[in-house]
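Take a look at the structure below.
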Amino acid sequence: MIDKDKYGPWAFVAGGSEGVGAGFAEELAMAGLNLVLLARKPGPLEETAATARAHGVEVRTLALDLLADDAVERIRETTADLEVGLLIFNAGANTYGHEFVTGDLDACRRVLTLNIDRQLELSQIFGAPMRERGRGGIILLGSLAGFVGAEHMSIYAAAKAFGRVFAEGLWLEMAGHGVDVLHLVLGVTRTPAMERAGLDFDLPGLDAADPYAVAREGLDHLSDGPIRVAGGNHALAAGRAGFPRAEIVRSASAEARAMMGRR
C-alpha cells in the first residue's frame, strides 16, 4: 500500500475517469487517500468517483477539458483548500493525427498544450507546495511513442519525449526535498481510449497490459524514478532508444500501422 502520510492526504488525478486513471483512483482510495479526479466526461468520472467513495474516502470531481482557457484557474480554485501530496498526470493524448506539413498547425499546438503546457502547469502548482513540505510524489504518464518518431503523430511523439526528459530533470531537482518523481512509460494498454482509437487488440503477438496492473506498478515504483517502463516493455523501450535510427523508426512505424489496421 502507498504511504498516505508521505503522499496524502489528497491525491490529484488528471485523466482519472477510466482506464489507467480509474486504476489509480481505486488503488489510492483503498490506501486511504482522498481524491480529486479530473476528466472530460462526467459519466465515467462520476462512476469512478462512486467506486472510490465506497472505500470511505472523500472525492471531489472536476468535469473539465484541460484545453479550456480557464482550466488551470478552475483547478486552482477546486484545490485551494487542500493539501495535495500526490499528483498523477494521466491526461496526455494524441488529439490530432495528420501528416505535419499539410496539417492544421493550430490542432498541432493543441496537442502540445495538453501534453506539455498542462503537465508543466500542474507540476508547478502542486510540486511547489510539496517541495516546501518536504514530502510528496509526482507521476507523469508517458508512452513508448516518446522513444521514436512516427508518421501522422510526430507532434505527439515529440511531446512524449519532452515529458520523459522533463521528468528526469524534475526528479533531480526534487530528490533533495523528499518529493518522488516518476515518469511511467506505458506500452499498449487495454483502455477504452485505445479501443475508441481503433487499436486491434486481437493482433497476433500483441500483449496489451491491464490498466489496473499498470496503475499498481506505477504506485509500487513511485520511489524508483526517474523512469519506469510498465508492462514488461523495458527491452522494447531500450531498443527504440538505440542507434542507428533509420531502421528503428521504420520498424516502429510499421508496427503502429499494423495495430491501427493501416497499410
Completion exercise
Separation between NE2 (His98) and CD1 (Ile155), nearest 0.5 Å, reads 12.5 Å
Practice task
Please determine if Glu121 and Arg118 form a salt bridge, counting it only when a charged side-chain N lies under 4.0 Å from a carboxylate O.
Solution key: yes
Handout entry: Heavy atoms of other groups near Arg131 CZ, more than 12 under 6.0 Å
Key = no
Problem - Closest non-hydrogen atom pair between Ile138 and Gly127, with its separation - result: CD1-CA, 4.2 Å
Practice task
Inspect the surroundings of NE2 in His177 and state if more than 12 heavy atoms from other residues, nucleotides or ligands are less than 6.0 Å away.
Solution key: yes
Exercise for the section: Would you check, one step at a time, whether the test side-chain hydrogen bond (donor to acceptor under 3.5 Å, both in side chains) holds for Arg164 with His183? Expected result: CA-CA 6 Å; Arg164 175 165 49 88; His183 185 72; 5.2 Å; no
Problem - Heavy-atom side-chain contact between Leu112 and Phe162 under 4.5 Å - result: no
Handout entry: Expected output: side-chain Asn233 to main-chain Val229 donor-acceptor under 3.5 Å
Key = no
Problem - Asp104 CG: over 12 foreign heavy atoms closer than 6.0 Å - result: yes
Handout entry: Neighbour count above 12 (heavy atom, 6.0 Å) for Arg133 CZ
Key = yes
Problem - Between Glu26 and Thr51, a side-chain donor and acceptor under 3.5 Å - result: no
Problem - CG-CD distance between Leu87 and Gln119, expressed to the nearest 0.5 angstrom - result: 9.0 Å
Practice task
Calculate, to the nearest 0.5 Å, the distance between atoms CE and OH belonging to Met153 and Tyr96 respectively.
Solution key: 14.5 Å
Handout entry: Over 12 foreign heavy atoms within 6.0 Å of CZ, Arg76
Key = no
Exercise for the section: Answer yes or no: are there more than 12 heavy-atom neighbours, outside Glu99 itself, under 6.0 Å from its atom CD? Expected result: yes
Exercise for the section: Kindly give the heavy-atom pair with the smallest separation between Leu219 and Ile2, and that separation in Å. Expected result: CD2-CD1, 3.7 Å
Practice task
Could you tell me whether the side chain of Asn115 and the main chain of Ala93 form a donor-acceptor pair under 3.5 Å?
Solution key: yes
Practice task
Give a yes or no on this: more than 12 heavy atoms of other residues, nucleotides or ligands lie within 6.0 Å of atom NZ of Lys4.
Solution key: no
Completion exercise
For Arg110 and Leu67 the tightest heavy-atom approach is O-CD2, 3.5 Å
Problem - Inter-residue atom distance Leu86.CG - Leu35.CG, 0.5 Å rounding - result: 9.5 Å
Exercise for the section: Answer yes when Arg60 and Asp81 have at least one side-chain N-carboxylate O distance shorter than 4.0 Å, and no when they do not. Expected result: yes
